Amino acid sequence: MFGKIISYEHHDNKVRINFEHRVGKIEVITPNIVNVFSSFKYQDHFSRAIEDLEIVKCNFTVDKKDKYIEVITDELIVKIYDEFKVDFYNKSLEILCEDYRGERDSFIRRGCGSIAEEEGHKVEKNTDNHKIQVIKKIYGDEKFYGLGDKTGHLNKRGYNYEMWNTDDPSPHVESYKSLYKSIPFFITLREKYTFGIFLDNNFKTYFDMGKENSNYYYFGSDDGNLDYYFITGIDMAEVVNGYTYLTGKTPLPQKWTLGYQQCRWSYTPESRIREVANNFRNKDIPCDVLHLDIDYMDAFKVFTWDKEKFPEPTKLLKDLKDNGFKVVTIIDPGVKKESGYDIYEEGLKNNYFAVDKDGITYVNKVWPGDSVFPDFSDSKVRAWWAENQKIMVDTGVSGIWNDMNEPASFNGPLPDDVQFRNEGRGGDHTEIHNVYGHLMSKATFEGLKKHTNKRPFVITRACYAGSQKYSTVWTGDNQSFWEHLRMSIPMLCNLGLSGISFAGVDVGGFSFDCTPELLSRWVQVGCFSPLFRNHSSMLTRDQEPWAFDEETLNINRKYIKLRYKLLPYLYDLLWQGETTGLPVMRPLVLHYSDDDKVHEINDEFLVGKNILVAPVVEQGKRSRAIYLPKGKWIDYWTKEELEGGRTILKEAPLDLCPIYIKVGSIIPNYPVQNYVGEKEIEELTIDIYPGNGHYTHYLDDGESFNYKSGKYNLYDFTMKEGNGVTLEIKTPHLEYEKGYSTFRILINSTEIKDVKFNGKDIAYETKKHVVEFSIKAEEGILVIK
Ligand code: MIG
C-alpha cells in the first residue's frame with residue numbers, strides 16, 4: 001500500500017517519509033513516546049482523546065540506512081522500512097516490537113457455518129481485513145493488558161475485541177467483543193520489556209491479540225487515520241504514566257465522592273428516598289450519596305422533575321444535605337420530542353440536534369418515547385448542555401450521572417449516516433458514536449465546574465480514551481451473578497491500566513436478584529473500588545445493606561466502615577494519580593511484573609502499592625488460596641507476618657475478606673464518620689507496619705480548586721529500621737489552614753519498650769496486636785525501640 005521509501009524530511013519533532021504511494025510520519029513526543037501516522041482521512045491527528053499535548057523538546061537523530069530510516073531518541077530506536085513497516089528497539093538494541101512481515105492466516109474452522117447459524121450459533125469470522133491495519137509479531141512471551149472495560153480475564157492474549165460502544169443488557173460474558181467503552185490502548189508485557197500502544201482512532205476499531213493466529217496480533221480500523229502511539233518505559237507504571245501523559249490524568253475528585261453511594265432504579269416517590277436516607281443513619285451505616293434514577297423526571301424529560309412524585313425537590317435535597325447526603329441525578333442524552341418542552345424547543349431552534357442524511361432532525365426512541373440527540377461534537381451544543389447543568393445545580397444536585405450515552409436507542413441503532421457537526425468538519429455516526437459519551441461528559445464536567453466552582457462529579461457509562469479527565473465511570477448493567485463479581489476485578493484493573501482510575505461496578509449486581517451471600521462478598525470488593533456504589537434494577541428484589549438479614553447488614557456495615565477508615569489513603573492515591581496516572585485499584589502485575597506468578601492473577605488486587613486484597617468470589621467458599629508476591633506481608637486482621645513469594649491458604653468466613661499489608665507501609669486512617677465532613681478531623685491516625693518505607697499524606701479542603709493555587713498540606717513520613725524503628729515526620733507544605741493537631745500512631749508490633757518523640761518519652765498503650773499513642777502533629781523524629 002505504501003510502497004518503497006523514496007525520501008524523507010525532518011522538521012522539529014516530525015519525520016516525514018515519502019513512500020512511493022503515500023506519506024508516513026513519525027513524531028517524537030517524548031524520548032519514550034513516538035507517534036506513527038499516515039493520513040487516510042484528515043491531515044492532522046484530530047484527536048478527541050489528546051488535548052493540549054505538550055511535545056517534550058528532546059534530542060533525536062534521523063539517519064537513512066541501506067534498507068531503512070532510523071530515528072533514535074534517548075530511549076528508543078525506531079526503524080522504518082518500505083511499506084511503512086515500523087520496528088521498535090530499546091537503546092540496548094534489543095527488539096521490543098516489530099511489524100509482522102508474513103501473510104495473515106487464520107486457523108481452520110471445520111464444519112458448516114450456515115447450518116450452525118440457522119440454529120442460532122454465533123459463528124466467528126476468519127481473517128477480516130481492514131483498510132487501516134497494523135500487524136505485530138508475537139514472540140511468544142507477550143501478555144496483553146488494558147483495552148478498557150472488556151469482559152474476560154486480565155490477560156487479553158488469545159482473544160479479539162472491537163471498540164464500538166455497546167449497550168447490551170443481556171449477561172456480559174467472555175465472548176463479548178465490546179461493552180460501553182472504547183479505549184483503544186493496551187500494554188504488552190514481555191519477559192524483559194514492556195510497552196503500550198494507543199491507537200487514537202475513534203471509528204470502530206478492531207483488536208486481535210493473537211486469536212486469529214498465534215504468530216501475530218493486530219489492530220485496525222476501516223476509517224479515520226493510521227495514528228498510533230508507541231509508549232515505552234522501564235516498567236508498566238511508566239507506560240501508564242506515558243499513556244496518561246497523552247490522554248490526561250484522572251483529576252482529584254471531591255472527597256465525599258469516595259464515600260459509600262446508594263442507588264436504585266428508582267427511588268421514588270420522595271418519601272422512599274427519605275426512608276432510605278433515614279435507614280442509613282438509623283442503622284449506623286455510613287453513606288454520602290443517594291442517586292435518583294430516571295423516574296424523578298417528568299415523563300423522562302431531562303432537566304425536569306416529576307412534580308407529583310417530587311413536589312419540592314429543592315426542599316428534599318436541602319433536607320437530605322442537612323442529614324449529610326449528597327444527591328446525584330441521572331441525565332440521559334435523549335431529549336423528548338415534545339412541542340412546548342423548553343429543552344427540545346431551544347435545541348430545535350438552534351439546530352443543536354443530530355440530523356439524518358437529508359438534514360432533518362433525527363428521531364429514535366428512548367425512555368421518553370420519540371427523542372432527539374444533542375450533537376455533542378459541536379462546541380456550541382456542549383456549551384448549551386453545560387448551561388443546562390445549572391438547572392440541576394440550582395435545585396441542589398451535587399453530581400450528574402450520564403447514562404445511555406453510547407448512544408443507546410430502542411428503535412434499532414442510530415443509522416451510520418446520521419450527521420453530526422464534528423467540530424465544524426462534518427461527520428457521521430460511524431465517526432461520532434465512540435466519542436458521543438466522551439463529549440457529553442466533557443460538557444457535563446464543564447457545566448458543573450462553572451456552576452459549582454467545585455471539582456465536578458460526573459459518572460458516565462460510555463467512554464473514549466481520555467474520558468478520565470471529565471468523569472468517573474461505572475461498568476454498566478452487570479448482573480447479580482458470582483461470575484460478574486469475579487469479572488469485576490480484572491475489568492476494573494484493566495480500566496485502571498487504561499487511564500480510568502476512578503471507576504466502579506454496581507455492587508451487588510444490577511439485574512437479577514442478589515443473594516445475601518453475594519452482597520456480603522461483593523461489598524468486600526466494592527469497598528476497595530474507587531467508585532463504591534450499590535445499584536440494582538427495578539423489578540429485582542431490594543438490595544440495600546439492610547434488605548436481607550442481620551448478618552448481611554453487619555457485614556455491609558463492617559466493610560463500609562472500613563472504607564471510611566481508609567478514606568484518607570484512597571484520597572491520597574487519587575492525589576498521587578494526578579502526577580503518576582496510576583489507578584487506585586491495581587492488578588498485582590503492575591508492581592510485581594518480575595514475578596511471573598502474578599501475571600495472570602484475576603482474583604486478587606492491590607489498592608495503591610501497599611494493600612493487597614484477596615476476596616472470596618465463589619459461593620459457599622470459606623477459605624481460599626492466596627499468592628503473596630515476594631516480600632513480607634502482614635495479615636490485616638490477625639497481624640501475623642507472612643513471607644511472600646508463595647501461596648498460602650487462608651480461612652475466610654463470610655464476614656472476612658483477606659487483606660494483607662506490605663511490611664514498611666504507612667497508612668493514614670480517619671475515624672469512621674456517617675458521611676465525609678461530619679467530623680472535624682483533628683487527629684490523623686497513622687497505621688504503621690514497621691520496616692523501611694516512605695509515605696506522603698495530602699490534605700486540602702476536599703472540594704474546591706484552591707489546591708491548585710497551593711492551599712494544601714503535605715505530611716511526609718520516612719520510616720527506617722535498625723535498632724528499633726525511626727519515623728521522621730516532615731511537613732514540607734502547610735498552606736491549608738485546617739491542619740491536624742495530633743497524630744495517633746498505631747504500631748503493628750507489640751515488642752516495644754520505649755517511644756520517644758524529639759527526645760521526649762511518650763506514654764503508650766499496648767492493645768491486642770498494636771501499640772498506640774498520640775503525638776503533636778509537627779515535624780520531628782519518632783524513635784521506637
Ligand atoms: O437500562 O436508568 O445502566 O444503571 O439504572 C435502563 C435506568 C437504563 C441503564 C443503566 C442503569 C440504570 C437504567 N439504565
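Just the heavy atoms: all of them, side chains too, but no hydrogens, waters or symmetry mates, feed the values below. Computed from a predicted structure; not experimentally measured. Counting convention: from 1, in listed order, for ligands and their atoms alike. Residue numbers start at 1 and run along the sequence shown.
You'll find the side chain of H484 stays beyond 4.5 Å of the side chain of V617, heavy atoms only.
Applying the salt bridge (Lys or Arg N to Asp or Glu O under 4.0 Å) criterion to D417, with sequence neighbours excluded, gives no partner residue. Residues that satisfy the ring pair (Phe, Tyr, Trp, His ring centres under 6.0 Å) test with H535, not counting sequence neighbours, are W401, F510. Under the salt bridge (Lys or Arg N to Asp or Glu O under 4.0 Å) criterion, D506 pairs with R533, not counting sequence neighbours.
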Report each N/O pair between ligand 1 and the protein that falls under 3.5 Å, naming both atoms.
from     : atom 1 : to   : atom 2 : distance (Å)
ligand 1 : 2 (O)  : D293 : OD1    : 2.6
ligand 1 : 3 (O)  : R461 : NH1    : 2.9
ligand 1 : 3 (O)  : D477 : OD1    : 2.4
ligand 1 : 4 (O)  : H535 : NE2    : 2.9
ligand 1 : 5 (O)  : D293 : OD2    : 2.4
ligand 1 : 5 (O)  : H535 : NE2    : 2.9
ligand 1 : 14 (N) : D403 : OD2    : 2.7

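At a cut-off of 3.5 Å, with distance as the only test, a side-chain donor of S266 or D295 sits close to an acceptor on the other residue.
In this structure, S537 contributes its side chain and S511 its backbone to no donor-acceptor pair below 3.5 Å.
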